[in-house]
Every structure is written in C-alpha cells, then in structure tokens.
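Just so we're on the same page: letters track the sequence lines, and every chain starts at 1.
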Protein chains: 2
Amino acid sequence: MIDSADQLVAAIRARKGRVTPQRRVILRHVQRLHGHFTAERLLAEVEPDLPGVSLPTVYATLDLFEDVGLVRRVVGLGGAEVYDSRPEPHHHLVCRSCGAVADLNAAGVDTEGVLGSAARTGFHPEEATLVVLGTCAVCARSQD
Amino acid sequence: MIDSADQLVAAIRARKGRVTPQRRVILRHVQRLHGHFTAERLLAEVEPDLPGVSLPTVYATLDLFEDVGLVRRVVGLGGAEVYDSRPEPHHHLVCRSCGAVADLNAAGVDTEGVLGSAARTGFHPEEATLVVLGTCAVCARSQD
DNA sequence: CTTTTTGCAAATGATTTGCATTAAC
DNA sequence: GTTAATGCAAATCATTTGCAAAAAG
C-alpha cells in the first residue's frame, strides 16, 4: 500500500507517468482526509494549495490513484461517486437521506464463503462488501 | 407485498392517488421482468403497450412503486440506477465492467448481528445487503 | 525535444423539474 | 368540477471528452 510521497513517485514512474505538483498535493489531501469523500469535496480541499486546479484533473488523479490501489470507489446509492482512502475492503453505512458514508467494523460476514458461492455461479468475484442502508444519526435527529 | 393489480389499486387509493392505465401497464411489466432493470429498459419494455409513455412517467411510477414496497433501488456502482422487483433484501453480484446486477443466494451473513453493530454506532439501519464486485461471466469471457 | 498532464469549454448521460394539458375521481 | 398524473421541453448534476497550451523527463 502506498502511504508516502516516495511510494507514489515510484508507482507513477513504474507506469511511465509524470510526477506533477497536482498529484503530490492531491495525495497529501487524500491522506489527510482519511475517509470518504467526493471529487467535488476533494477539489475544495485542494484548491487553496493549488489555485486553479480543475475538476477533470481531480477525476483523472483519482483514477490514477485507484489503479495504483491508493483509493477505492465505494459502492453507493445513486448520487455522486464516493471515494475511500482506506483501500482494504470493509463494510459501510450509507445514509439514505444525506448520502453520507461511514465505515462499519463488524464481524458477521463470512467473506470467503460468499466469494466462493459467487465464483460457483460463474462470476469472477473480486471483493465482497456489506452495505447497511438506513438513516445516519444526524438525519435521524432532524426527523427524517 | 403487492403482487396483483388489485393490491396496487388498494395501495394507490390508500394514498389518494389515481389508478391510471400507465400505472397498471408498468406494474404488469415490472412483475414480468422479475429481476433487475433500469428506467430506460423498463420504458422500452412498456412502450409497445403504451405508445408515447414518457421517461418522467416511468421514473415517477418507479418512485411510487418504491414507496409502496413493490420495487427497491439496488445499491450499485455509479452508472444508471438499477431497480429490483424482488422486494426482500438479498445479496447481489455487480459486474464492474458492464454494470450487470444478479442475485446471489448465499448464506454467510449474520444480518441481525450486523444490523445490531450498525445500530450501536448511532446509525438507524434499515437493511443490510452484501455486494460482491467482480466481473460477470460474459465480460470475463471477452477478456476484460 | 517528446509525450504526458493540465485547464478550459463543451459534450454526455441519467434523472428531475416546470408547466400546460389531460384524465381520474 | 377538482386535483393528480401525464408528456414535453428544458434544467440540473456528476462525470467525461476534445483540444491547445504548459510542463515533466
């Protein structure tokens, strides 16, 4: 897993890419956010350090980071794409009302078993994640 | 659960809605499809029986059917919204390449336990579904 | 110098909204 | 007759694409 600028540089060089200031700064902020975010949110975060960055650059960079295993796209419910800077598969709580995504640390899923059943249907499974739909504490309070 | 036109009529009347030919025909096709579909696909399906139906009507009707528990929106990965005419929560295989959604009948998930953990975080869980990401048989064959 | 990456503007695709008309009740 | 639902056109939102200019190697 990539967790330093040096490792990012190595990964980029390995794929004959170029190490740009944008990529360095976006890396820093992705790591600092350490959670779930949309491209739009990341742009806002990065903007002060990189005046004039564009959304297409943020998207392109997130694609690169995804290829390299630095972030993963989270399975969500419509709306904007949510990225996660925790690259191991894990479970999520998704709020139906505001779309917020949170991690859930819970046992209770036999991942290997599930992947096995999936494979037996002819599907080529990569990962199994559990999604709990419901209402987050904030939205529940403001009577949803 | 609603599984006949009569029950749909009752549910619509209960909410002071109106029983239109569009709603009847769309119900028939949703039941006939008995699986996963997008609004666009459903429109194509329904069009021959209802010349001139509009996409907004299909969306509005799907919203109604969702409220009434006839269909559910499936947790997916970007792309078009996928609806499911199987209203009980169940697990899904989602193809990263073509977006296809299939059901997975697998044990291995302690739903109650997971909902409990979710509730303990202050979240108000409604349902827990497992999503297996990977490549479907068709896409795998055409070397993804 | 060569090739990738950037930023901009415009395109795309899915879903939603506004509104006048039609049709349920 | 009233009021909700429809169809159309236009709006919106997130993401992607095309392309010329800038910059990395």
Side-chain angles (χ1 to χ4, degrees), chain A residues 5 8-27 36-44 46-47 49-68 71 73-83 96 98-101, chain B residues 5 8-27 29 36-44 46-68 71 73-83 96 98-101:
Chain A
L8 176 66
V9 169
I12 290 177
R13 293 257 155 77
R15 42 169 48 228
K16 301 178 201 293
R18 291 175 185 183
V19 180
T20 63
Q22 287 84 335
R23 290 176 173 181
R24 287 186 187 278
V25 173
I26 294 175
L27 171 66
H36 308 98
F37 53 88
T38 61
E40 200 86 50
R41 175 75 173 16
L42 181 56
L43 175 71
V46 149
E47 174 90 82
D49 289 6
L50 274 177
V53 231
S54 66
L55 215 23
T57 297
V58 172
Y59 278 109
T61 306
L62 284 169
D63 276 1
L64 169 69
F65 285 7
E66 200 185 7
D67 277 5
V68 158
V71 302
R73 258 198 274 262
V74 167
V75 169
L77 208 60
E81 213 71 66
V82 173
Y83 294 82
R96 275 201 157 119
C98 69
V101 176
Chain B
L8 176 67
V9 169
I12 290 176
R13 292 257 154 77
R15 42 168 52 226
K16 300 179 202 295
R18 291 176 185 182
V19 180
T20 62
Q22 286 85 335
R23 291 177 172 181
R24 287 186 188 278
V25 173
I26 294 174
L27 171 67
H29 285 277
H36 308 100
F37 53 88
T38 61
E40 200 86 48
R41 175 76 175 11
L42 181 56
L43 175 70
V46 149
E47 175 91 81
D49 288 7
L50 274 177
V53 230
S54 66
L55 215 24
T57 297
V58 172
Y59 278 110
T61 306
L62 284 170
D63 275 2
L64 169 69
F65 285 7
E66 202 186 5
D67 276 6
V68 158
V71 302
R73 257 198 277 261
V74 168
V75 170
L77 209 60
E81 213 70 66
V82 173
Y83 294 82
R96 275 202 157 118
C98 69
V101 175

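Interatomic distance, A:Thr57 OG1 to A:Leu43 CG, rounded to the nearest 0.5 Å: 9.5 Å. Taking OG1 of B:Thr61 as the start and CD of B:Gln22 as the end, the distance is 7.5 Å to the nearest 0.5 Å.
At a cut-off of 3.5 angstrom, counting only N and O atoms as typed in the model, there is a donor on one side and an acceptor on the other between the side-chain of B:Arg18 and the base of D:dT3.
In this structure, A:Gly79 reaches neither bases nor backbone, as no heavy-atom distance under 4.0 Å exists between it and the strands shown. The residue B:Gly17 sits close only to the backbone: its heavy atoms come under 4.0 Å of sugar-phosphate atoms, none of a base. At the heavy-atom level, A:Gly78 lies nowhere under 4.0 Å from the strands shown. When heavy atoms are screened at a 4.0 angstrom cut-off, B:Pro51 is found touching no nucleic acid atom at all.
Along DNA chain D, the nucleotide nearest A:Pro56 and the nucleotide nearest A:Glu40 are compared for position; the residue whose nucleotide lies closer to the 5' end is A:Glu40. Residue whose closest nucleotide on DNA chain C sits further toward the 5' end, between B:Arg73 and A:Thr57: A:Thr57. Between A:Leu50 and B:Tyr83, the residue whose closest nucleotide on DNA chain C is further toward the 5' end is A:Leu50.
Between A:Leu62 atom CG and D:dT16 atom P the separation is 10 Å, expressed in whole Å. B:Arg24 places its CZ atom 13 Å from the C1' atom of C:dC25, with the value rounded to the nearest Å. Between B:Ile12 atom CD1 and D:dT6 atom P there is a gap of 9 Å when expressed in whole angstrom units. Spacing between atom CG of B:Leu42 and atom P of C:dA14 amounts to 15 Å, rounded to whole angstrom units. If you measure from atom CG of A:Asp63 to atom C1' of D:dT17, you get 13 Å, rounded to the nearest angstrom. A:Glu47 places its CD atom 14 Å from the C1' atom of C:dT6, with the value rounded to the nearest Å. Note: CG (B:Leu43) to P (D:dT6) measures 13 Å, nearest angstrom. Between B:Arg15 atom CZ and D:dA5 atom P the separation is 9 Å, expressed in whole Å.
Of the listed nucleotides (C:dT16, C:dT5, D:dT16), C:dT5 has the atom at the smallest distance from the side chain of A:Arg23. Closest contact between the side chain of B:Pro21 and the listed nucleotides D:dT15, C:dA24, C:dT16 involves C:dA24. When the nucleotides D:dT15, C:dT15, C:dT17 are ranked by their closest atom to the side chain of A:Ala80, D:dT15 comes out on top.
Side-chain nitrogen and oxygen atoms of B:Ser54 include none within less than 4.0 Å of the OP1 or OP2 phosphate oxygen of D:dT6. Residue A:Arg13 places at least one side-chain N or O under 4.0 Å from the OP1 or OP2 atom of D:dG25. A close approach under 4.0 Å does not occur between any side-chain nitrogen or oxygen of A:Gln22 and OP1 or OP2 of D:dA23. For the OP1/OP2 pair of D:dT6 and a distance below 4.0 Å, the side-chain nitrogens and oxygens of B:Thr20 include at least one atom meeting the criterion.
The backbone N or O of A:Leu8 sits nowhere less than 3.5 Å from a side-chain atom of A:Arg24 that would complete a donor-acceptor pair. Within the 3.5 Å criterion, the main-chain N or O of A:Thr38 finds no donor-acceptor partner in the side chain of A:Glu81.
Side-chain contact check for B:Asp63 versus B:Arg73: some heavy-atom pair is nearer than 4.5 Å.
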Open item on the list: Quick one, B:Leu64 with B:Ile12, criterion side-chain contact (heavy atoms from CB on, under 4.5 Å). Give me CA distance, side-chain angles, the key distance, then yes/no.
Closed with: CA-CA 9 Å; B:Leu64 169 69; B:Ile12 290 176; 4.3 Å; yes
